[in-house]
Amino acid sequence: MGITSFLIGIFGAILVIIFVYPLIMVRKYGKGPSPYKWSYFVFGLLIINWLLYSTGFYTLLPIKIADLIFIPIWFFVCALGALFTIFEFKNNKAFAVPLAGFTFISFVFALFIIGITQM
């Protein structure tokens, strides 16, 4: 059992938590206060970043420009996600948990990409 199996298990657990925990929180405590607008913005940035990566947007850019902006954008969005997860956890836990999960997955993916590019 290697590190890949361990990471797949962690990602599976995180995905289950991302989708199940908010449903349990809303059912148990009600909707609660609405999330901050900046939290929506950061969540949107995470989704847009994943969409740009999965559609191959970064491959359309020249190699030097793509190498220059790809990793810093990932880490900047991850840092914003971590920061706003902390702020949002005090306000609305049902929204903070998916934000934290997607931020963590994006951060690990960025580290994985750095590892692959250094080979």
Side-chain angles (χ1 to χ4, degrees):
M1 186 163 150
I3 188 129
T4 306
S5 301
F6 181 68
L7 285 176
I8 288 174
I10 288 175
F11 286 158
I14 287 173
L15 287 174
V16 168
I17 290 170
I18 285 173
F19 292 114
V20 173
Y21 183 76
L23 295 174
I24 293 171
M25 291 295 293
V26 168
R27 184 173 293 155
K28 189 173 183 180
Y29 298 110
K31 186 179 175 188
S34 63
Y36 297 124
K37 291 179 184 178
W38 282 100
S39 297
Y40 284 131
F41 177 71
V42 170
F43 196 77
L45 284 176
L46 283 166
I47 299 299
I48 288 171
N49 203 15
W50 274 101
L51 286 174
L52 288 176
Y53 175 75
S54 62
T55 58
F57 172 76
Y58 294 109
T59 59
L60 298 175
L61 298 172
I63 294 173
K64 290 183 180 182
I65 294 173
D67 288 342
L68 184 66
I69 66 170
F70 180 70
I71 295 298
I73 286 176
W74 275 96
F75 283 122
F76 180 72
V77 171
C78 289
L80 282 176
L83 181 69
F84 281 96
T85 297
I86 294 169
F87 291 143
E88 193 62 49
F89 197 74
K90 296 175 186 174
N91 182 36
N92 189 346
K93 290 181 177 80
F95 188 78
V97 169
L99 183 62
F102 285 125
T103 300
F104 178 75
I105 290 172
S106 293
F107 180 73
V108 171
F109 185 75
L111 291 177
F112 177 70
I113 293 297
I114 286 175
I116 286 178
T117 58
Q118 298 299 321
M119 288 184 167

Looking only at heavy atoms, the pair that brings Leu111 and Phe75 closest together is CD2-CZ, 3.9 Å

Does any part of the side chain of Val42, heavy atoms only, come nearer than 4.5 Å to the side chain of Leu83, both counted from C-beta? no

How would you list, by chain and number, every residue that makes a side chain to side chain contact (heavy atoms under 4.5 Å, CB included) with Ile48, sequence neighbours excluded? Leu52

How close do Gly101 and Ile14 get, counting heavy atoms only, and between which atoms? CA-CG2, 3.9 Å

For Leu68, which residues count as a side chain to side chain contact (heavy atoms under 4.5 Å, CB included) partner, sequence neighbours excluded? none

What's the separation between atom CD1 in Ile10 and atom CG in Leu15, rounded to the nearest 0.5 Å? 12.0 Å

When you look at CD1 of Ile63, are more than 12 heavy atoms from neighbouring residues, nucleotides or ligands closer to it than 6.0 Å? no

Are Trp50 and Phe109, when compared by the centres of their aromatic rings, separated by less than 6.0 Å? yes

I'd like to know whether Tyr58 forms a side-chain contact (heavy atoms from CB on, under 4.5 Å) with Ile73, so could you lay out the CA-CA distance, the side-chain angles of the two residues, the decisive distance to 0.1 Å, and finally the verdict. CA-CA 11 Å; Tyr58 294 109; Ile73 286 176; 4.1 Å; yes

Test side chain to side chain contact (heavy atoms under 4.5 Å, CB included) applied to Asn91 - qualifying residues, sequence neighbours left out: Pro33, Tyr36, Glu88

Is the CZ atom of Phe87 crowded by more than 12 outside heavy atoms at less than 6.0 Å? no

Using the side chain to side chain contact (heavy atoms under 4.5 Å, CB included) definition, which of the options Phe107, Phe104, Phe102 pairs with Cys78? Phe107

Side-chain touch Ile113/Phe70, heavy atoms, less than 4.5 angstrom: yes

Hydrophobic clustering (ILVMFWY, side-chain heavy atoms < 4.5 Å, transitive) - are Ile18 and Val26 grouped together? no

Identify the two heavy atoms, one from Pro22 and one from Pro98, that lie closest to each other, and give their separation to 0.1 Å. CG-CG, 3.6 Å

On a heavy-atom basis, which atom in Ser106 and which in Leu46 lie closest, and how many Å separate them? OG-CD2, 3.6 Å

Cluster overlap Val16 with Val97, hydrophobic side-chain contacts below 4.5 Å: no

Between OH of Tyr53 and OG1 of Thr59, what distance do you get to the nearest 0.5 Å? 10.0 Å

State yes or no: do Phe57 and Trp74 share one hydrophobic cluster built from I, L, V, M, F, W and Y residues joined by side-chain heavy-atom distances below 4.5 Å, directly or via other members? yes

Co-membership, hydrophobic cluster, residues Phe41 and Ile86, 4.5 Å side-chain: no

Mind telling me whether Phe95 and Tyr40 have parallel, tilted or perpendicular rings, with 30° and 60° as the class edges? perpendicular

Would a single hydrophobic cluster contain both Ile69 and Leu51, if residues Ile, Leu, Val, Met, Phe, Trp and Tyr are joined by side-chain heavy-atom contacts under 4.5 Å? yes

